[in-house]
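In what follows, a single structure is set out as structure tokens and then discussed.
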Amino acid sequence: MSIRHGLLALLERGPRYGYQLRTEFESRTGSTWPLNVGQVYTTVARLERDGLVVPAGEDEGGHALYAITEDGRDELKQWFATPVDRANPPRNELAIKLAMAVGSPEVDVRSVIQAQRAHTIRAMQDYTRLKGQALHAASRRPGVFDPDDVAWQLVLDQLIFQAEAEARWLDHCETRLVRLAPQAVADSQSAPASGPAGPADGDKKRDPAQDGGLRGALRRPRR
């Protein structure tokens, strides 16, 4: 999540002070990704250091205001125009947990999957209920465009789609484990008692950069 660019987007609407930025950021995203004031001021200080914002005096309440610069507007435009990079996806705790569980003899991977799926479905139901409330509130103000309301609905849609995809992925993981479990037992029973043999000619380890698909793309050197 780019707090840096989110704050620049708010400052594009006019000078703001730190607590105001925090409040508007959380209002726009429905407090899905809460910020603390210290985090806001640290980010603003870095934006000022980089020449993207400048001090803009004080408001009537004595709050120190900040304003976006032309360089800041240029960076913001570039951010909006550039797709989010998927070549280096963020770490996913659930995927890491299942990857580690598969290799742990003390862990029942299917139990981990089932517990997570129940949690994910509950979260999806909560998001769906919140979306219903948001749509109902919007229907009571026909013809009124509220950017914060629309932004909150978009965030909820993303959370719902993400939860749906995660639930489908967990179903897929469980199905794959059930299908592969008999083969894993057969392999363990037929494994030679002697020490591990070297790889056969056809099984020599390939350079990861030669792999196809996303894994290969992620491992190739960046140019």
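Since this is a predicted model, take the numbers as computed values, not measurements. Index from 1, following the sequence.
Val155 is listed as a side-chain neighbour of Trp33, based on a closest heavy-atom distance under 4.5 Å.
Closest non-hydrogen pair, Leu156 versus Ala134, comes out as CD1-CB, 4.4 Å. Nearest heavy-atom pair across Phe80 and Ala9 is CZ-CB, 4.3 Å. Scanning all heavy atoms of the two residues, the minimum distance from Gly6 to Phe25 falls at CA-CE1, 4.3 Å. What you find for Ile113 and Leu170 is that their closest heavy atoms are CG2-O, 3.6 Å. The two residues Val53 and Leu8 have their closest heavy-atom pair at CG1-CD2, 3.8 Å. Shortest non-hydrogen contact noted between Ala101 and Val109 is O-CG2, 3.5 Å.
Not a single donor-acceptor pair under 3.5 Å links the side chain of Glu174 to the backbone N or O of Arg110. For Ser27 (side chain) and Thr23 (main-chain N/O), no donor-acceptor pair under 3.5 Å exists by modelled atom type. For Asp59 (side chain) and Gly61 (main-chain N/O), a donor-acceptor pair under 3.5 Å exists by modelled atom type. Without hydrogens or angle criteria, Arg22 side chain to Leu35 main chain gives a donor-acceptor distance under 3.5 Å. Counting only distance, with no hydrogens or angles, the side chain of Thr120 and the backbone of Ala167 share no donor-acceptor pair below 3.5 Å.
With sequence neighbours excluded, the residues satisfying side-chain contact (heavy atoms from CB on, under 4.5 Å) with Asp74 are Asp71. With sequence neighbours excluded, the residues satisfying side-chain contact (heavy atoms from CB on, under 4.5 Å) with Thr128 are Met124, Ile160. Applying the ring pair (Phe, Tyr, Trp, His ring centres under 6.0 Å) test to His63 and every residue at least two apart in sequence or in another chain returns Tyr17. With sequence neighbours excluded, no residue forms a ring pair (Phe, Tyr, Trp, His ring centres under 6.0 Å) with Trp169. Evaluation of the salt bridge (charged side-chain N to carboxylate O under 4.0 Å, His left out) rule for Arg49 yields no partner, not counting sequence neighbours. With sequence neighbours excluded, no residue forms a side-chain contact (heavy atoms from CB on, under 4.5 Å) with Glu58. Every residue meeting the side-chain contact (heavy atoms from CB on, under 4.5 Å) condition with Thr42, not counting sequence neighbours, appears here in chain and number order: Arg46. Legend: residues meeting salt bridge (charged side-chain N to carboxylate O under 4.0 Å, His left out) with Glu93, ordered by chain and number and at least two apart, are absent. By the salt bridge (charged side-chain N to carboxylate O under 4.0 Å, His left out) test, Asp126 is found to be paired with Arg129, residues two or more places apart in sequence or in another chain being considered.
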- Go through the steps to decide whether Arg4 and Asp50 satisfy the test side chain to side chain contact (heavy atoms under 4.5 Å, CB included), and finish with yes or no. CA-CA 11 Å; Arg4 171 188 179 94; Asp50 296 339; 3.1 Å; yes
- Test log, rule side chain to side chain contact (heavy atoms under 4.5 Å, CB included), inputs Thr32 and Trp152: CA-CA 9 Å; Thr32 305; Trp152 175 222; 3.3 Å; yes
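The local environment of CZ in Arg140 is sparse, with at most 12 non-hydrogen atoms from other residues, nucleotides or ligands closer than 6.0 Å.
For residues 41-62, there are no ring pair (Phe, Tyr, Trp, His ring centres under 6.0 Å) pairs, not counting sequence neighbours. Residue pairs meeting the ring pair (Phe, Tyr, Trp, His ring centres under 6.0 Å) criterion with at least one partner in residues 98-144, sequence neighbours excluded, are absent.
Note that the OG1 atom of Thr69 and the CD atom of Glu75 stand 9.0 Å from one another [nearest 0.5 Å]. Here the straight-line distance linking atom NE2 of His5 with atom CD of Glu12 works out to 12.0 Å at 0.5 Å rounding. The CD atom of Gln39 lies 3.5 Å from the CD1 atom of Ile3; values are rounded to the nearest 0.5 Å. The NZ atom of Lys131 sits 11.0 Å away from atom CG of Leu159, with the distance rounded to the nearest 0.5 Å.
Ile96 belongs to a hydrophobic cluster with Met100, counting contacts under 4.5 Å between side-chain heavy atoms of Ile, Leu, Val, Met, Phe, Trp and Tyr, direct or through other members.
When the side chains of ILVMFWY residues are joined at heavy-atom separations under 4.5 Å, either directly or via intervening members, Leu94 and Leu177 end up in a single hydrophobic cluster. Clustering ILVMFWY residues whenever any of their side-chain heavy atoms sit less than 4.5 angstrom apart, transitively, puts Val150 in a cluster other than the one holding Leu135.
In summary, of the residues considered (Arg117, Glu166, Arg176), a side-chain contact (heavy atoms from CB on, under 4.5 Å) with Asp171 occurs for Arg117 alone.
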